[in-house]
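All heavy atoms count here, side chains included; hydrogens, waters and symmetry mates do not.
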Amino acid sequence: MIKAVIFDIDGTLVDSVDLHAQAWKEAFKHFGKDIPYQQIRHQIGKGGDQLMPVFFTPDERDEFGKRMEKFRGELFQREFLPRVRPFPGVRELFQRIKEDDKKIALASSAKDEEIEIYKKLLRIEDLVEAGASADDAEKSKPHPDIFRAALDRLDVRPAEAIAVGDTPYDADAAGRLRIKTIGMRCGGFPEAELIAAGCIAIYDDPADLLARYEESMLRQKEKV
């Protein structure tokens with residue numbers, strides 16, 4: 001039986017992927033690399049510890065990696081975070097899940113302070129039992145640390161949880177713990193990539209999942 005649903009945030013619940021990509025692009029350029037936007041965007045969903053090695057050598061990361069990540073974080077909070085908007089139907093979806101007596105957790109590669117802002121933006125503070133962020137993990141997605149922390153805080157087994165995310169990195173991270181994943185198209189990743197990474201159902205966005213809730217894995221009573 002499914003007892004809990006673990007949601008990614010960026011690209012799944014809020015429309016922020018393009019903004020994160022632009023913030024990273026500007027940060028990379030500030031530190032000497034003008035990397036094409038689409039290459040960066042395809043890596044969004046990973047935490048900085050996993051994203052930066054795609055574009056910078058170990059020596060470069062040793063020299064200025066921490067400064068670059070700090071620069072990007074401050075830039076995002078100052079210039080881009082105020083422009084983040086929620087996808088439609090999030091609170092209503094969460095309320096529907098709670099009606100089924102299921103627990104809800106957030107599992108994001110974002111920092112704790114960003115997650116708190118997103119919870120307020122989405123009006124879901126009263127509907128979420130637990131959260132796990134990059135601050136709770138040794139390694140961010142696609143490593144499973146963040147999902148493992150969410151499971152521990154929910155006190156459920158992997159077979160009793162469903163993950164919901166918009167990137168292959170969500171499905172990969174959840175799959176390493178044998179958590180099944182629902183994929184969302186609203187983050188901009190191709191459906192084929194989501195399926196290849198292990199997503200076993202695909203929806204447009206939270207509102208679409210809510211509209212088709214009764215036929216979804218979230219409604220199923222038996223273990224899937």
Side-chain angles (χ1 to χ4, degrees), residues 6-87 105-122 124-125 128 130-150 152-153 165-170 172-174 176 186-189:
I6 305 174
F7 284 89
D8 171 59
I9 303 176
D10 287 295
T12 300
L13 304 178
V14 298
D15 189 1
S16 58
V17 175
D18 290 334
L19 300 174
H20 277 293
Q22 189 60 41
W24 276 114
K25 179 173 175 58
E26 293 184 20
F28 289 169
K29 189 171 183 178
H30 183 81
F31 284 86
K33 286 196 178 181
D34 191 3
I35 297 169
Y37 170 83
Q38 286 299 331
Q39 290 184 27
I40 298 171
R41 195 191 191 285
H42 198 261
Q43 299 297 320
I44 300 301
K46 298 179 178 180
D49 63 311
Q50 301 301 308
L51 188 150
M52 289 189 294
V54 176
F55 303 107
F56 290 83
T57 67
D59 286 344
E60 289 171 330
R61 299 197 307 274
D62 287 343
E63 180 183 352
F64 52 75
K66 289 184 178 179
R67 288 188 289 122
M68 181 167 57
E69 191 163 13
K70 183 174 184 291
F71 178 92
R72 194 241 32 121
E74 292 174 348
L75 174 66
F76 181 79
Q77 291 212 10
R78 183 177 66 252
E79 301 292 338
F80 296 100
L81 187 56
R83 295 159 54 187
V84 173
R85 295 292 178 266
F87 287 121
L106 304 177
S108 171
S109 295
K111 301 292 185 182
D112 281 335
E113 57 190 307
E114 288 181 17
I115 291 178
E116 290 304 312
I117 292 171
Y118 288 152
K119 285 166 66 177
K120 292 178 182 178
L121 177 67
L122 292 161
I124 56 173
E125 301 106 306
V128 175
S133 71
D135 299 307
D136 301 307
E138 182 178 341
K139 294 180 179 179
S140 66
K141 301 172 189 175
H143 294 275
D145 303 29
I146 294 172
F147 281 112
R148 184 179 290 113
D152 289 345
R153 289 173 181 175
D166 70 299
T167 75
Y169 316 121
D170 294 309
D172 189 357
R176 296 187 195 195
C186 48
F189 276 83

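With sequence neighbours excluded, the residues satisfying salt bridge (Lys or Arg N to Asp or Glu O under 4.0 Å) with Arg176 are Asp172. Applying the salt bridge (Lys or Arg N to Asp or Glu O under 4.0 Å) test to Asp136 and every residue at least two apart in sequence or in another chain returns Arg153. Partners of Ala150 according to the side chain to side chain contact (heavy atoms under 4.5 Å, CB included) rule, which considers only residues two or more places apart in sequence or in another chain, are Ile6, Ala105, Ala107, Ala132. Looking at residues two or more places apart in sequence or on another chain, you find a side chain to side chain contact (heavy atoms under 4.5 Å, CB included) between Ser109 and Ser140, Lys141, Ile146.
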Donor-acceptor pairs under 3.5 Å, side chain of residues 74-82 to any protein atom, not counting sequence neighbours: which ones?
from: Glu74; atom 1: OE2; to: Lys70; atom 2: NZ; distance (Å): 2.6
from: Gln77; atom 1: NE2; to: Glu113; atom 2: OE1; distance (Å): 3.4

Please set out all donor-acceptor pairs under 3.5 angstrom arising from side-chain atoms of residues 27-35, sequence neighbours excluded.
from: Lys33; atom 1: NZ; to: Phe55; atom 2: O; distance (Å): 2.6
from: Lys33; atom 1: NZ; to: Glu60; atom 2: OE1; distance (Å): 3.1
from: Asp34; atom 1: OD1; to: Lys25; atom 2: NZ; distance (Å): 2.9

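Atoms OG and CZ, from Ser16 and Arg85 in turn, are 12.0 Å apart once rounded to the nearest 0.5 Å. Distance CZ/Arg83 to CG/Leu19: 5.5 Å, rounded to 0.5 Å. With rounding to the nearest 0.5 Å, the separation of CZ in Phe87 from CG in Leu122 is 10.0 Å. In this structure, Ile117 CD1 and Lys111 NZ are separated by 14.0 Å, a value rounded to the nearest 0.5 Å. To the nearest 0.5 Å, the span separating CE on Met52 from OG1 on Thr57 amounts to 12.0 Å. For the atom pair Ile124 CD1 and Leu13 CG, the distance stands at 6.0 Å (nearest 0.5 Å).
When all heavy atoms are compared, the tightest approach of Val54 to Lys46 is CG2-NZ, 3.8 Å. Between Ala110 and Ser133, the shortest heavy-atom contact is O-CB, 3.2 Å. Nearest heavy atom pair, residue Ile115 against residue Ser108, reads CD1-CB, 3.9 Å. Here the shortest heavy-atom pairing between Asp10 and His20 reads OD1-NE2, 3.0 Å. Contact record, Ala21 with Ile40: O-CG2, 3.8 Å, taken as the closest heavy-atom pair.
A distance-only check finds no donor-acceptor pair linking the side chain of Arg72 to the backbone of Ala23 [under 3.5 Å].
Under 4.0 Å is where a charged nitrogen must lie from a carboxylate oxygen, and between Lys119 and Glu116 at least one such pair does. A salt bridge links Arg41 with Asp18: the closest approach of a Lys/Arg side-chain nitrogen to an acidic carboxylate oxygen falls below 4.0 angstrom.
Looking only at side-chain heavy atoms (C-beta outward), Trp24 and Ile44 come within less than 4.5 Å of each other.
Remark: of the listed residues Thr167, Asp166, Asp170, Asp166 is the sole one forming a side-chain hydrogen bond (donor to acceptor under 3.5 Å, both in side chains) with Thr12.
The environment of CD in Glu125 is crowded: more than 12 heavy-atom neighbours from other residues, nucleotides or ligands sit within 6.0 Å.
No side-chain donor from either of Tyr169 and Asp8 sits under 3.5 Å from a side-chain acceptor of the other.
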